[in-house]
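None of these values were measured; they are calculated from a predicted model. One is the number of the first residue; the rest follow in order along the sequence.
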Amino acid sequence: MTDRLALLIWAATPEHPELCVTPLVHVLAARALDAEVEVHFAGPAVRWLVAGVADNIYSTPEKVKSVGEFLREASAAGAAFYICSMARAAWISDGETLIPECTGAAGATAFVARTLDPAWQTLVF
């Protein structure tokens, strides 16, 4: 049995916040089960990692918890957040800063390697 999970978030963008909470809830569930968790952000979903973006976006009309709060909770639980360098160049301006929870950069090859490694399970959102 594997205890490693890598998620790719690419379709759950700030324009569609209702799609972002589900993967983060899965991250929290996996961490509660003591799994090692990596979250890879690609495409326009890298915008979640820009300081200030996720703090003002909510996934439900009730605005109970911002996406930023979910990100901080997942990070505090031990999940690692990786940004795709190619997507960063395309979707993030030079003057923008990343949230401190961003662990570092990992591109498409890193995520594909996780999908090919039998020690890892992967999910794509």
Side-chain angles (χ1 to χ4, degrees):
M1 183 169 160
T2 182
D3 60 352
R4 295 177 177 161
L5 179 65
L7 288 81
L8 174 65
I9 298 178
W10 72 275
T13 65
E15 293 76 28
H16 299 285
E18 70 280 4
L19 300 177
C20 192
V21 173
T22 297
L24 295 175
V25 168
H26 282 77
V27 167
L28 291 168
R31 287 299 304 136
L33 295 169
D34 292 324
E36 180 180 346
V37 179
E38 295 179 353
V39 184
H40 296 249
F41 291 84
V46 298
R47 298 286 311 155
W48 289 122
L49 300 177
V50 174
V53 170
D55 287 331
N56 300 310
I57 299 177
Y58 296 83
S59 63
T60 63
E62 296 81 23
K63 297 185 177 183
V64 176
K65 189 189 301 190
S66 73
V67 174
E69 291 174 278
F70 276 102
L71 288 168
R72 283 187 293 282
E73 187 177 351
S75 176
F81 295 154
Y82 293 101
I83 188 169
C84 171
S85 298
M86 199 162 79
R88 180 180 184 171
W91 292 95
I92 299 177
S93 301
D94 289 337
E96 294 181 304
T97 59
L98 300 179
I99 59 174
E101 292 81 9
C102 183
T103 304
T109 303
F111 186 77
V112 170
R114 293 294 189 230
T115 67
L116 297 174
D117 186 337
W120 287 82
Q121 297 295 314
T122 56
L123 296 171
V124 177
F125 292 92

Identify every side-chain donor-acceptor pair in residues 77-97 under 3.5 Å, counting partners at least two apart or on other chains, and give the distances.
from: E96; atom 1: OE1; to: R47; atom 2: NH1; distance (Å): 2.7
from: E96; atom 1: OE1; to: S93; atom 2: N; distance (Å): 2.9
from: E96; atom 1: OE2; to: R47; atom 2: NH1; distance (Å): 3.2
from: E96; atom 1: OE2; to: R47; atom 2: NH2; distance (Å): 3.0

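- Atom CG of L123 sits about 5.0 Å away from atom CG of L7, to the nearest 0.5 Å.
- Using a 4.5 Å cut-off between side-chain heavy atoms of Ile, Leu, Val, Met, Phe, Trp and Tyr, V112 falls into a hydrophobic cluster with L116.
- Atoms CD and CZ, from E38 and F111 in turn, are 9.5 Å apart once rounded to the nearest 0.5 Å.
- Here the closest heavy-atom approach between residue C20 and residue P23 is recorded as O-CD, 3.1 Å.
- For the atom pair NE2 of H40 and CZ of R114, the computed distance is 6.0 Å after rounding to the nearest 0.5 Å.
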Could you walk me through whether W10 and V124 pass the side-chain contact (heavy atoms from CB on, under 4.5 Å) check? CA-CA 8 Å; W10 72 275; V124 177; 3.5 Å; yes
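- Under a hydrophobic clustering in which Ile, Leu, Val, Met, Phe, Trp and Tyr are joined whenever their side-chain heavy atoms come within less than 4.5 Å, directly or via other members, V53 and Y58 fall into different clusters.
- Put simply, the side chain of W48 gets close to the backbone of A12: a donor and an acceptor are under 3.5 Å apart.
- A side-chain contact (heavy atoms from CB on, under 4.5 Å) with V27 holds for exactly one of V37, I9, L5, T22; it is V37.
- Nearest heavy atoms, T13 versus A45: CG2-N, 3.9 Å.
- With rounding to the nearest 0.5 Å, the separation of CZ in F70 from OG in S59 is 5.5 Å.
- With rounding to the nearest 0.5 angstrom, the CD atom of Q121 is 10.5 Å from the CG atom of D3.
- Connection of L19 to L8 is not established within any shared hydrophobic cluster, with ILVMFWY side chains joined at heavy-atom distances below 4.5 Å, either directly or through further cluster members.
- Atoms CD1 and CG, from I99 and D55 in turn, are 8.5 Å apart once rounded to the nearest 0.5 Å.
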